[in-house]
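A quick note: this is a predicted structure, and the numbers were derived from the prediction, not measured. Naming convention: chains lettered A, B, ... in sequence-line order (proteins, then strands); numbering from 1 in each chain.
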Amino acid sequence: MPDKRENIRIGVFICHCGSNIAGYLDVEELEAFAKTLPNVAFVVRNLYTCSEGGINEIKNAIDEQNLNRVVVASCTPRTHEPLFRSSCAEAGLNPYLFEMVNIRDQCSWVHMREREKGTSKAKDLIRMGVAKAALLEPQEPIISEVHAARALVIGGGIAGMTASIALGDRGYEVVLVEKEERLGGMLNRLNMLGPTMTDAGDMVKEKIETITDHPNITVFTRATVTDVDGFIGNYEVDIETKSGNEKVDIGVIIVATGGRLFVPEGLYGYDGRRVITQLEVEEVLGRGLDPAVKNIVMIQCVGSRNEERPYCARICCQTAVKNAILITEQNPDAKVSILYRDMQMYGVENEEMFRDSKVKGVRFIKYDPARPPRVEEGKVSVFHSLLGREMDLLADLVVLSTPVVPQEDADVTSKILTVPVDENGFFLEGHVKLRPLDFATDGVFLCGSARFPANIRETVAQGLGAASRASIPLSKGFVVVEPIISVLADEDACRGCGLCVALCPYSALEVRDTEKGRKVHVIDVSCKGCGVCAATCYQHALSINSFTDQQINAQIAAFLN
Amino acid sequence: MLDVGRHPNIDLLAYSEVEKLEGRSGDFKVTVRRKARYVEEDKCTGCGACKEKCPTVVPDAFNVGLGDRKAIYSWFAQGIPSTHTIDPEHCRQLKGKKCGVCAKTCLAEAINFDQKDRLVEIGVGAIIVATGYDVFDPSQIFEYRYKEIPNVVTSIEFERLLSASGPTAGHAGRPSDLAVEAEIEALEKKAGRLQRAITKFEDKYVESSSAFSKKYQDGEYKDDKDRKRWADKYAEHLAILETIEPIKKKAEGFTVAKRLAFIQCVGSRDFRFYPFCSGYCCMHSIKEAIIAHEHETETTSTIFGMDIRAVGKGFEQYKIRGGNNSNITYIRGRVAEIMEGPDNNPVVTYEDTRERRVKSEEFDMVILATACAPGRGTIETANLLGIELDRYDFVKTDPLSPVDTTTPGIFVCGCSVAPLDVPESVSQASSASERAAEVVFQSDLKKEKAVA
């Protein structure tokens, strides 16, 4: 609450933005109007408030006019708020005693042909800004140190190993936790990697050696993370290992738990012998294909792109084509047919491999999901949707292309880390396009098939990328957070019900036992100030700095006035 | 963009090109040409007053020529930095003619016609190439008649037509209709000029033009040169009004394009051009069809493709939603030819491979999903930096070290590696920055050791 005795002196700076504002609104009228508003001590118009001259005018006015609040009516805070705030700070005024009013983007620009109405709207906006400014309180940025410059990588497949080596090479300590006995994940069960046909075993071996010899990487195999406490820079992690429990201090966490292949129990006569999955054919090819197996039929989209699993699992088509090529190489007499819906051979390398397979005699037959193929003894019957007729294919071996699905314990990991999963059970990134390797929660990152099925190239790239993202707080050593966050403004009102905790998308709230009973506690560095908690709290106990109920009410009252 | 522009650790050299590279990983010396903008970056506030007044109109390359810009311009509205630039190819002043209107308009005094290119040398530890791709020019596919039929456009052109900040403010008007509207506007402008001239004569001689014209035709004012000009202007004005009427009538019936055809694999998966799949085009066609439907709910779209490759997270569901909610029909088939039908409507001939029949269908507009062509800029940059390209002229990488080029210390990300969508490009950008950071860290470590 501002001190009632404090004499509020607001300076209002009205920007012409060249002709962007002045060309469409009556800025002189705005100036005269601003002068009539309560607490306003000084008003001036600038051609460009953001220019050096305009900035100096703000600084001088703070000093000469003894201003203790500044309002700039100009463009958008997206581009210019940081500049004006820092200008206030340079003149000795707390930067959070600044308020910006956008009379350009949503006013002069959209009311170019309505000078009077536009000007009247600008007046409303300025009056609201001034009303709020009078109630602004000084804030200090929140700085939280990264106490442990150490990364936890969960999952020792190719994604996790790549991320661990990258961070280790940068000089950070890494704790790599793998639930299996051996590092390598899915790669351990693969034969050759497309499109270069690199031996998967060799690659795993090389990576494991690098990690084992790495001075900065500690590996726990047959281990699981059982509890994570704290926030970015300051996690306390419990790990259950084969030789007892460990407690480690961690700064950042990378989720690289991968996925697993869907097992098609009850589909197309799957028996693991004559009807097998692509993963099983990898193992067969690793041992060497029986020369008696001459006719192979592969069926795509088994258990995916259906009601239960509506997604396309991205890598099954390229896996099928790769294995078809390897089959024809091991057994040149073999006839491979791939029954598909759409061949998802996106990009340069996949499409090349696709063409190569056709040259090697692999047949592609498009089937209609409404009339799926039927696996019978020694043959597969299919309705060829492009020829428009039924056909029988001899089949000594049937290979089912099943999707990568989330790990069975993905929901457990999700709960321990309080990070979300999507509708298919894969981990949900901060932004599908712009923050693919971050979680919404600061300090936790994501890569590989835990996010979505990915091939080797994509997984390695994501492992490196997640390491890059995770290294930022580690290298800075601290995290700075805007103080526009949630605060427990009325502790007595809080009943510790935890509704806000359940709704917070950033895991920034927790209920603690205090002397006054169960009360919510805001983890400053984790809070993004989105306001969900304050809007939810039926006791009005929580409030958002610079967006308090009182400030917003004052704005509404000013508008209705 | 904004984050880059404001970042304290990023020195943004826009409108600049790398000229020379020396040194090696951990210790490169790069020479950069900072091209003259003829505008002082530290003075320009990006207000745009100059471009309001600039008299020279040039096709707007950002809007792929669909709109106009001035000789002084910013590349696009939200561009960073917001500094404007004078295009020396078109500026009257820089071409030696009299003008300088922008300099007179600019209150920040940012215009500097004497600015010269500058070469700057920068020492860096690692380099990341992110030069992107070019849009395939579909006029090479003669049977699609791009540029011949006005209502056959590329995806990027359609993107601009759908964009609220684009040349049509988001109304997907057909280019043929836009051309007619532009013609009407030009004629009306001309008519307006003539009207003003005629009014002056009417005021001068205190007589209506129609009354005067009658007398003039009857032979009065025979040798009066001034009145002859009046008569000529009046006749011209009447002629324009006559021309304009039927065009205007025609334009009254114009609506946005409602029957859309999207043609996939234009230049990709095509042995004549690029045999690879461009990866992202299936999704952007679906997206454009969904947005067009959001703008105008009567819109129907047909997407002609071989395989609809919806392989990213949530993509398949998006594709199905487009079919269920946005009137999209997916037809498996390659389009053989596009002809022009009545009303400038493109007529698409294709084989519906599911029905095994050749069909023709008329649309309001056809959108070509053009290939992701390796960038000419990438080729130049690669030659300059001495990194290898693959057989298509994408930067050569290995699947197991996906962002490393063939030269240590130089990394790559985005569509200069291969066609990639946004999430993959963003991931790769982080990967490349990781590899670059490793190099910088190692070289810092070496320096520390050397000092110790």
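The residue among A:S385, A:A166, A:G171 with the most heavy atom pairs within less than 4.5 Å of chain B is A:A166. Annotation: maximal heavy-atom pairing with chain A below 4.5 Å, among B:S278, B:P275, B:A437, occurs at B:P275. Taking B:G279, B:A418, B:P423 one by one and counting their heavy-atom pairs under 4.5 Å with chain A, the maximum is reached by B:P423. Here B:T397 is the residue among B:T397, B:V440, B:V417 with the most heavy-atom pairs under 4.5 Å with chain A. The greatest number of non-hydrogen atom pairs below 4.5 Å with chain B, out of A:M345, A:R451, A:K366, is found for A:M345. For the options A:L83, A:I315, A:T162, A:L387, heavy-atom pairs under 4.5 Å to chain B are most numerous at A:L387. The choice from B:T353, B:D398, B:T105, B:L400 that makes the most heavy-atom pairs within less than 4.5 Å of chain A is B:L400. Heavy-atom pairs under 4.5 Å with chain B peak, among A:R435, A:M203, A:E423, at A:M203. Contacts with chain B were tallied for A:E429, A:H16, A:E458; A:E429 has the most, counting heavy-atom pairs under 4.5 Å. Across A:D422, A:L386, A:N455, the residue that shares the most heavy-atom pairs under 4.5 angstrom with chain B is A:L386.
Each of B:K359, B:R357, B:R332 was scored for a salt bridge (charged side-chain N to carboxylate O under 4.0 Å, His left out) with B:D352, with one residue passing: B:K359.
The part of B:V403 that comes within reach of chain A is its side chain, from C-beta onward, which places non-hydrogen atoms under 4.5 angstrom from that chain. In this structure, chain B has heavy atoms under 4.5 Å from both the backbone and the side chain of A:Y311. Both the backbone and the side chain of B:F276 come within contact range of chain A, judged by heavy atoms closer than 4.5 Å. Residue A:T198 touches chain B through its side chain alone, counting heavy-atom pairs closer than 4.5 Å. Interface residue A:E352: only side-chain heavy atoms are found under 4.5 Å from chain B. Residue contact with chain B, scored on non-hydrogen atoms closer than 4.5 Å, involves the side chain of A:P82 exclusively. Contacts of B:Q442 with chain A are made by side-chain atoms alone, with heavy-atom separations under 4.5 Å and no backbone atom involved. For chain A, the nearby parts of B:R354 are the backbone and the side chain; heavy atoms of each come within less than 4.5 Å. If you measure heavy-atom distances from A:D368 to chain B, you find no contacts under 4.5 Å at all.
There is a side-chain donor-acceptor pair under 3.5 Å between A:Y346 and A:Q318. Side-chain contact check for A:H214 and A:D169: at least one donor-acceptor pair (N or O, by modelled atom type) lies under 3.5 Å.
Checked by atom type and distance alone, the side chain of A:N216 pairs as donor or acceptor with a backbone atom of A:G168 at under 3.5 Å. The main-chain N or O of B:S82 is found under 3.5 Å from a side-chain atom of B:H84 such that the two form a donor-acceptor pair. Judged by distance alone, with hydrogens and angles left aside, the side-chain atoms of A:S401 form no donor-acceptor pair with the main-chain N or O of A:Q300 at under 3.5 Å.
For residues 309-316 of chain B, the interface with chain A (any heavy-atom pair closer than 4.5 Å) comprises B:R309, B:A310, B:V311, B:G312, B:K313, B:E316, sorted by residue number. By a heavy-atom distance cut of under 4.5 Å, B:T45, B:C47 are the residues of residues 40-53 of chain B near chain A, going up by number.
Of all heavy-atom pairs spanning A:C75 and A:R104, the tightest one is CB-CZ, 3.4 Å. Of all heavy-atom pairs spanning A:S449 and A:A454, the tightest one is OG-N, 3.3 Å. Closest non-hydrogen pair, B:P374 versus B:Y392, comes out as CG-O, 2.9 Å. Scanning both residues, B:A371 and B:Y274, for their nearest heavy atoms gives CB-CD1, 4.0 Å.
Under the 4.0 Å criterion applied to side-chain N and carboxylate O atoms, A:R305 and A:D342 are assigned as salt-bridge partners. Ion pairing between A:D199 and A:K205 fails under the 4.0 Å rule for side-chain N and carboxylate O. A salt bridge does not link B:E438 with A:R170: none of the charged nitrogens is closer than 4.0 Å to a carboxylate oxygen. Checked for salt-bridge contact, A:R469 and B:E434 miss the test: no charged N lies under 4.0 Å from a carboxylate O.
Crowding of A:K358 atom NZ: a count of heavy atoms from other residues, nucleotides or ligands under 6.0 Å exceeding 12.
Geometrically, A:R355 does not engage B:F271 in a cation-pi contact, judged by NZ or CZ lying under 6.0 Å from the ring centre and within 45° of the ring axis.
Proximity of the aromatic rings of B:Y280 and B:Y133 is defined here by a centroid distance below 6.0 angstrom, and this criterion is met.
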Show your working on side-chain contact (heavy atoms from CB on, under 4.5 Å) between A:D356 and A:E351 and close with a plain yes or no. CA-CA 9 Å; A:D356 184 36; A:E351 185 74 25; over 6 Å; no
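Taking the side chain as every heavy atom from C-beta outward, A:F452 and A:R314 approach each other to under 4.5 Å.
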